[in-house]
Amino acid sequence: MAPEAIALPGPRPRRSLPLAWLGILPFAAFVLLFLFLPTLKIVIGAFQTPEGGLTLENLAGLFTPSILSSYWISIKISVASAVLGCLVGFLMAASMVLWGLPKVVRGPLLTFSGVASNFAGVPLAFAFLATLGPLGLVTMWLRQEFGINLRALGFNILSFWGLTITYLFFQIPLMILIITPALDGLKREWREAAEVLGASSGQYWRMVALPILFPALLGTFALLFANSFGAVATAIALTGSSLNIVPIMLFAQIRGDVLGDPHLGYAMAFGMIVVTSIANTIYIVLRVRSEKWLK
């Protein structure tokens, strides 16, 4: 009887990259080249001398009065725009989801919010200058029709409140986009149960709805704060050097028009990264907690 043939193991199949992963390669390359590597350069540059040695002098330079003042002004603008953006955006979203606004409004409002939340930079600055600038459409119309001089009343588009109002154009839509799913998650049974137990509308919001929405609201506030704090192009295009905020001082340091100390600019950028990272971390943690409540 012939012995059975021994089957020899064949060559192992080559492991190839699944085709599904090829679709994200352009985005991964984009993130690596324009987000990760520049951030790494900023972090390293913040601790380097012009000759390439290690130093902490750049970080110590952040505590000079002018730079501390710029951080403080940026924080105040970010807080003001985040608070107003949260308030107005919440009222608009609640009107759309809970308070009987016609359903036909929801689609256009969310579509506009998706576009407006990404509308910034030079086009946004030009739009507000053309509307509320010294010779803007609304400014001239109020002066000619009603004798109201915004400049005489203390309003200046190039000031603290001018920049804050400009930021609201993208802060309010961003708030609408983020808080709408949270409002959709409020179950009708919760309100009905509160009414059965004799709670008024105010008591329902104070004792049921707002405690459930609080993590989402606080997290969205943190995100809007970071969104405003990191806005660069809009501030530079609108105010130039008339407002002493961090992005403008950082731009001047990197470009070298004033002091010409790029490594101090890296330190300022590093400080902005720390602030925005803290705000984004708060947003992520609170968003996860909010989603657990609303499931």
Engineer: So do Leu150 and Asn156 actually touch side chain to side chain, heavy atoms under 4.5 Å?
Structural biologist: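 With C-beta onward as the side chain, the pair stays apart.
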Engineer: Without swapping roles, check the side chain of Thr166 against the backbone of Gly162 for a donor-acceptor pair under 3.5 Å.
Structural biologist: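 Checking the backbone N and O of Gly162 against the side chain of Thr166, a donor-acceptor pair under 3.5 Å is found.
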Engineer: What about Trp190 and Tyr204, are their ring centers closer than 6.0 Å?
Structural biologist: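 Not close enough - the centres of the two rings lie 6.0 Å or further apart.
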Engineer: Using the ring centroid of each side chain, check whether Tyr283 and Phe225 are separated by less than 6.0 Å.
Structural biologist: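 Centroid separation for Tyr283 and Phe225: 6.0 Å or greater.
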Engineer: Spell out, as yes or no, whether a donor-acceptor pair under 3.5 Å connects the side chain of Asn58 to the backbone of Ala46.
Structural biologist: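 At least one qualifying donor-acceptor pair exists.
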Engineer: Can you check whether Phe229's main-chain N or O pairs, donor with acceptor, with Ser78's side chain at less than 3.5 Å?
Structural biologist: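 Side chain of Ser78 to backbone of Phe229: a pair is present.
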Engineer: Checking Ser81 against Thr164 for the side-chain hydrogen bond (donor to acceptor under 3.5 Å, both in side chains) test, could you report, in this order, the C-alpha distance in whole Å, the side-chain angles of both residues, the deciding distance, and whether it holds?
Structural biologist: CA-CA 5 Å; Ser81 66; Thr164 300; over 6 Å; no
Engineer: Show your working on side-chain hydrogen bond (donor to acceptor under 3.5 Å, both in side chains) between Arg191 and Ser201 and close with a plain yes or no.
Structural biologist: CA-CA 9 Å; Arg191 187 180 189 99; Ser201 179; 3.2 Å; yes
Engineer: Do you know the tightest heavy-atom contact between Leu101 and Ser95?
Structural biologist: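 Here Leu101 and Ser95 meet closest at CB-O, 3.0 Å.
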Engineer: Among Ile179, Leu87, Ile172, Val105, find the residue that satisfies the side-chain contact (heavy atoms from CB on, under 4.5 Å) test when tested with Met92.
Structural biologist: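 Single side-chain contact (heavy atoms from CB on, under 4.5 Å) partner of Met92 among Ile179, Leu87, Ile172, Val105: Ile172.
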Engineer: So does Leu223 get a backbone contact from the side chain of Asn227, meaning a donor-acceptor N/O pair under 3.5 Å?
Structural biologist: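 Absent.
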Engineer: Determine whether a donor-acceptor pair (N or O, by modelled atom type, separation under 3.5 Å) exists between the side chain of Thr220 and the backbone of Met175.
Structural biologist: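 No.
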Engineer: Looking at every non-hydrogen atom in both residues, tell me the closest pair between Ile67 and Leu62 and how far apart they are.
Structural biologist: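 Smallest interatomic distance, heavy atoms only, reads CG2-O, 3.5 Å.
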Engineer: Is the backbone N or O of Ala127 less than 3.5 Å from a side-chain atom of Thr131, with the two atoms forming a donor-acceptor pair by type?
Structural biologist: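 Here the side-chain-to-backbone pair exists.
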Engineer: With distance as the sole test, does Thr64 use its side chain to make a donor-acceptor pair with the main-chain N or O of Gly61 at under 3.5 Å?
Structural biologist: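 Present.
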Engineer: In this structure, are over 12 heavy atoms from other groups packed under 6.0 Å from Phe126 atom CZ?
Structural biologist: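 It does not: Phe126 CZ has 12 such atoms or fewer within range.
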Engineer: Tell me if a side-chain donor or acceptor on His263 pairs with a main-chain N or O of Gly45 at a distance below 3.5 Å.
Structural biologist: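 Such a contact is found between His263 side chain and Gly45 backbone.
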Engineer: Examine distances only and state if a side-chain atom of Thr180 and a backbone atom of Leu177 form a donor-acceptor pair shorter than 3.5 Å.
Structural biologist: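 Answer holds: no.
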Engineer: Has the side chain of Thr234 got a donor or acceptor atom that lies under 3.5 Å from a matching backbone atom of Gly121?
Structural biologist: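 Checked: pair present.
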